[in-house]
Amino acid sequence: MPVIECVSEVRASLGEGAVWDDRANVLWWVDIPRGHVHSLDPVSGAETHHEVGEPVGCLAVREAGGLLLATRSGFWFYDPETGDKTPISDPEADRPMNRFNDGTTDAQGRFWAGTMRDGGSDTPDGAFYRLDPDLTVTLWRDNIYTTNGLAFSPDGKRMYFSDSYPAVRTIWACDYDTETGTPGTPEVFFDTNAVAGRPDGGTVDAEGCYWQAGVSGWQVYRLSPEGEVLMTIDMPVEKPTKPMFGGPDLDILFVTSLAGGLTEGSHQPDAGRLFAITGLGVRGVPQTRFAG
């Protein structure tokens, strides 16, 4: 039976962006509006905390060392040891109200990330971008309200993404050309009106199943490659935001969460905290480093 526990003293305003570094054996995650980047060694319990000076939506570990950040002002390289930030590109310099939100790497080390209006919007201001190792930025898909759910199947040939907006709340999947980094035609993978939570961050396990944080639904879901609900995990918080497998054996599911906008009168002292779920009987897949 799964066991859920808090594993960090940090209470994030909006915890997100969890990524497991399988060489350093630490989990990286962010607090978006505060511009904080955190790391956790789940074995020793040691944590680090970094301020990057602006809202940061997601990150990737770099093959060359350090981190890649997607922030309000675009893509940056970041050295957590020195605090140095090196600008790469701001693909939405003409959209100052937007910021990056969710992101992940494909199996070839390209970085995918999506934008949204900071604080949310009733107009589809967001878009998905691909950052190649040569630092070229390509717009793939726009007219998205709240970009989310980016993940790739274990063989890298299927791409998932979602829109969390309440009137959309849909996860799509498409074939993915690993040679060119080009997605095929998306098809609806899962309509989250079938469950309590809207789609937030996602990841996959070694069996090819997709894990979705059901924001506002108090739950995390495991979906088969065919889009069937295989497992529902009840969380102690209303707004889980991003699942990510980690730990030395990739058998711990870490889940970030959101502290704001909770249902009035609900008792959630651990909202915004980082959770670890054990006893699931499945493992994740290693997260590819950004190759640039």
Side-chain angles (χ1 to χ4, degrees), residues 1-12 14-31 36-49 58-61 67 80 102-105 107 148-154 160 197 199-215 217-224 229-259 270-289:
M1 182 170 178
V3 175
I4 305 172
E5 61 179 332
C6 289
V7 288
S8 173
E9 292 301 317
V10 173
R11 189 173 189 266
L14 173 48
E16 265 286 7
V19 175
W20 179 254
D21 181 339
D22 62 347
R23 297 179 191 170
N25 283 323
V26 299
L27 182 85
W28 292 96
W29 58 292
V30 305
D31 185 343
H36 292 173
V37 174
H38 305 288
S39 76
L40 168 71
D41 179 335
V43 175
S44 69
E47 296 187 82
T48 66
H49 313 285
C58 55
L59 56 82
V61 180
L67 303 175
D102 186 65
T104 194
T105 50
N148 246 319
L150 283 164
F152 290 87
S153 59
Y160 298 93
D200 208 314
T203 192
V204 298
D205 62 34
E207 297 174 12
C209 294
Y210 181 86
W211 291 76
Q212 172 214 326
V215 69
W218 299 82
Q219 293 175 333
V220 170
Y221 311 103
R222 185 191 190 211
L223 306 174
S224 75
V229 179
L230 300 180
M231 185 184 301
T232 299
I233 299 173
D234 293 322
M235 298 294 294
V237 291
E238 180 179 357
K239 295 188 174 182
T241 54
K242 169 72 175 183
M244 174 56 57
F245 282 96
D249 296 319
L250 293 176
D251 59 352
I252 303 171
L253 187 68
F254 294 96
V255 182
T256 55
S257 65
L258 198 162
D270 292 326
R273 300 278 296 278
L274 175 68
F275 299 90
I277 306 176
T278 55
L280 292 170
V282 295
R283 300 175 187 269
V285 295
Q287 297 299 294
T288 307
R289 284 166 156 69

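Just so it is clear, the values below take in all heavy atoms, side chains as well, and ignore hydrogens, waters and symmetry mates.
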A.B. asks: To check you understand the geometry: which heavy-atom pair defines the closest contact between Gly208 and Tyr160, and what is its length?
C.D. replies: O-OH, 4.2 Å

A.B. asks: Check for a donor-acceptor pair, side chain of Asp200 on one end and backbone N or O of Gly214 on the other, with a separation under 3.5 Å.
C.D. replies: no

A.B. asks: Do any N or O atoms from the side chain of Arg11 and from the backbone of Asp270 form a donor-acceptor pair under 3.5 angstrom?
C.D. replies: no

A.B. asks: Quick check: Phe254 with Trp29 (ring centres under 6.0 Å apart)?
C.D. replies: no

A.B. asks: Do you know which two heavy atoms are closest between Gly284 and Ala206, and how far apart they sit?
C.D. replies: O-CB, 3.9 Å

A.B. asks: With under 30° as parallel and over 60° as perpendicular, where do the rings of His49 and His38 fit, or are they tilted in between?
C.D. replies: perpendicular

A.B. asks: Does a side-chain heavy-atom distance below 4.5 Å link Leu223 with Val229?
C.D. replies: yes

A.B. asks: Measuring from Leu250:CG to Met244:CE, what's the distance to the nearest 0.5 Å?
C.D. replies: 10.0 Å

A.B. asks: Nearest 0.5 Å please: distance from the CD1 atom of Ile277 over to the CD atom of Glu5.
C.D. replies: 10.5 Å

A.B. asks: Is the backbone of Val7 close enough, under 3.5 Å, to the side chain of Arg273 for a donor and an acceptor to pair up by distance?
C.D. replies: no

A.B. asks: Indicate yes or no: at least one non-hydrogen side-chain atom of Val285 is less than 4.5 angstrom from one of Phe245.
C.D. replies: no

A.B. asks: Indicate the atoms forming the closest heavy-atom contact of Ala276 with Ile252, along with that distance.
C.D. replies: CB-CG2, 3.7 Å

A.B. asks: Quick check: does any side chain N or O of Ser257 sit under 3.5 Å from a backbone N or O of Pro240, one acting as donor and the other as acceptor?
C.D. replies: no

A.B. asks: With heavy-atom distances below 4.5 Å as the criterion, would you say the side chains of Leu230 and Cys209 are in contact?
C.D. replies: yes

A.B. asks: So which heavy atom on Lys242 is nearest to which on Ala213, and how close?
C.D. replies: N-CB, 3.7 Å

A.B. asks: Could you check if a side-chain atom of Val204 sits within less than 4.5 angstrom of a side-chain atom of Ser153, using non-hydrogen atoms only?
C.D. replies: no

A.B. asks: Any side-chain heavy atom of Ile233 within less than 4.5 Å of one from Phe275?
C.D. replies: no

A.B. asks: Are Val282 and Arg222 close enough, and set up right, to give a side chain to side chain contact (heavy atoms under 4.5 Å, CB included), and what steps lead you there?
C.D. replies: CA-CA 11 Å; Val282 295; Arg222 185 191 190 211; 3.6 Å; yes

A.B. asks: Can a donor-acceptor pair be found, under 3.5 Å and without considering hydrogens, that links the side chain of Tyr210 to the backbone of Ala151?
C.D. replies: no

A.B. asks: Indicate yes or no for a side-chain donor-acceptor contact from Lys239 to the backbone of Trp218 under 3.5 Å, with no hydrogens or angles considered.
C.D. replies: no

A.B. asks: Quick one: do Val26 and Thr48 satisfy side chain to side chain contact (heavy atoms under 4.5 Å, CB included)? Show the steps, please.
C.D. replies: CA-CA 10 Å; Val26 299; Thr48 66; over 6 Å; no

A.B. asks: What are the two closest heavy atoms between Leu280 and Pro2, and how far apart are they?
C.D. replies: CD2-CG, 3.8 Å

A.B. asks: Taking all non-hydrogen atoms of both residues, which atom of Pro243 and which atom of Gly202 are closest, and how far apart?
C.D. replies: CD-N, 3.9 Å

A.B. asks: I'd like to know if the side chain of Asp102 reaches the main chain of Leu150, judged simply by a donor and an acceptor atom lying under 3.5 Å from each other, with no hydrogens or angles considered.
C.D. replies: yes

A.B. asks: Is there a side-chain contact between Val43 and Asn25 (heavy atoms, below 4.5 Å)?
C.D. replies: no

A.B. asks: Report the distance from atom CG of Asp234 to atom CD1 of Ile4, rounding to the nearest 0.5 Å.
C.D. replies: 7.5 Å

A.B. asks: Mark yes or no for whether Thr241, through its side chain, and Leu258, through its backbone, hold a donor-acceptor pair below 3.5 Å.
C.D. replies: no

A.B. asks: Using 0.5 Å steps for rounding, measure from the CG atom of Asp22 to the OG1 atom of Thr288.
C.D. replies: 9.0 Å

A.B. asks: May I ask you to decide if Arg289's main-chain N or O and Thr105's side chain share a donor-acceptor pair within less than 3.5 Å?
C.D. replies: no

A.B. asks: With the side chain counted from C-beta on, respond yes when Asp249 and Arg283 share a heavy-atom pair under 4.5 Å apart, and no when they do not.
C.D. replies: yes

A.B. asks: Is there a side-chain contact between Glu16 and Asn148, using heavy atoms and a 4.5 Å cut-off?
C.D. replies: yes

